[in-house]
Amino acid sequence: MRIDLHTHSRASDGTQPPAEVMRSAREAGLDVVALTDHDTTLGWAEATDAVTREGVALVRGIEISCERGGTSIHLLGYLTDPEAPGLTGEITKAREARVSRLERMVALMVADGIPITYAEVLAQVPEGATPGRPHIADALVHKGVIAHRDEAFADWLSNDSRFYVGHYAPDPVRAVELVVEAGGVAVHAHPFVRTAGRTVPDSLIEEMAAAGLGGVEVYHRDHDEEARARGLALAARTGLFVTGSSDYHGTGKRNVLGENTTTPEVLAQIEDRASGVTPVVRP
Ligand code: AMP
Ligand code: ZN
Ligand code: FE
Ligand code: FE
């Protein structure tokens with residue numbers, strides 16, 4: 001059984017509509033895929049409709065952007081109730097904050113002479129989608145200023161760029177509590193990826209574990225051998241389960257569906273811990 005628990009669609013910064021992510025999942029030989037768009041459940045309905053057609057099971061999920069002390073933390077929430085007021089309130093607030101944040105980043109870029117306008121960036125954000133830095137990169141690609149999103153993230157759009165502006169994001173411990181309150185299961189996404197030179201201390205992950213965190217995403221392309229070893233040791237010490245996934249973004253990132261996978265045993269644990277309001281959708 002091939003299980004990939006972290007992908008993005010055009011509901012956030014992936015490049016394919018949810019149904020196409022499902023089709024690509026079948027083509028990649030996956031049996032189970034999780035759709036985990038940033039701060040939104042917008043893509044769930046379309047992905048659910050594609051389950052039977054593609055013969056791939058769907059774990060409905062979300063990737064919540066969190067922040068503590070200037071460090072960015074991504075939290076995966078699986079099988080949450082999309083109507084739970086606490087979680088819905090936080091992600092709605094974050095999505096709204098992302099709009100003015102994007103406008104401010106573009107204004108800084110314009111002031112520095114980069115040939116881009118806010119209208120051109122907005123034209124890259126699909127209707128209803130969570131806006132993010134990749135949409136600025138898409139506007140630059142569309143204009144021919146750069147050839148791929150990667151080039152923008154290497155400099156102008158990086159976390160330590162002079163153009164970087166943050167946005168409202170919940171505290172990671174609070175976000176874990178909200179996922180649990182929504183009947184879902186929380187997994188710390190790519191915990192050891194550096195943002196602006198920093199990684200989260202083990203103590204914060206331990207704090208999240210005490211708040212109900214279920215697992216850590218150890219097998220991810222942005223984790224080197226040392227990060228994987230650190231993740232495995234931390235998981236063993238704190239009783240967290242271990243996942244692996246691609247963090248697929250269509251053509252927006254080089255990540256390939258199924259390049260890292262999660263075991264069926266861990267998927268069973270995720271289903272056991274969830275309340276059942278939002279079950280895994282099977283063909
Ligand atoms: P934001 O949520 O607006 O802060 O933007 C962060 C998003 O940018 C994350 O989802 C990343 O997947 C994406 N991202 C980071 N680096 C790159 C890159 N090199 N190429 C494409 N997307 C990237
Ligand atoms: Zn993304
Ligand atoms: Fe992430
Ligand atoms: Fe992601």
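Note that ligands are numbered from 1 as they come in the structure, with each ligand's atoms numbered from 1 the same way.
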query: Of all the atoms in His6, is at least one N, O or S atom closer to the Fe ion (ligand 3) than 2.8 Å?
result: no

For Glu217, the option from His190, His6, His223 that meets side chain to side chain donor-acceptor pair (under 3.5 Å): His6

query: Salt bridge check: are Arg95 and Asp39 linked by an N-O gap of less than 4.0 Å?
result: no

query: With a cut-off of 2.8 Å, does His38 place any N/O/S atom under that distance from the Zn ion (ligand 2)?
result: yes

- line: Looking at His74, the N, O or S atom sitting nearest the Fe ion (ligand 3) is ND1

task: With the Fe ion (ligand 3) as the reference point, give the N/O/S atom of Glu63 that is nearest.
output: OE2

- prompt: So, Thr15 versus Thr251: side-chain donor-acceptor pair below 3.5 Å or not?
  reply: yes

- request: Examine all N, O or S atoms of His8, backbone included, and report whether one is under 2.8 Å from the Fe ion (ligand 4).
  value: yes

message: So that I can check it, does any N, O or S atom in Asp247 come closer than 2.8 Å to the Zn ion (ligand 2)?
response: no

Residue His190, metal the Fe ion (ligand 4), N/O/S under 2.8 Å: no

query: Between Asp202 and Arg230, does at least one N-O distance fall below 4.0 Å, as a salt bridge requires?
result: yes

Residue Asp247 atom name (nearest to the Fe ion (ligand 4); N/O/S): OD1

task: Spell out, as yes or no, whether a donor-acceptor pair under 3.5 Å connects the side chain of His8 to the backbone of Gly252.
output: no

field: SB check Lys93 Glu96 (cutoff 4.0 Å)
entry: no

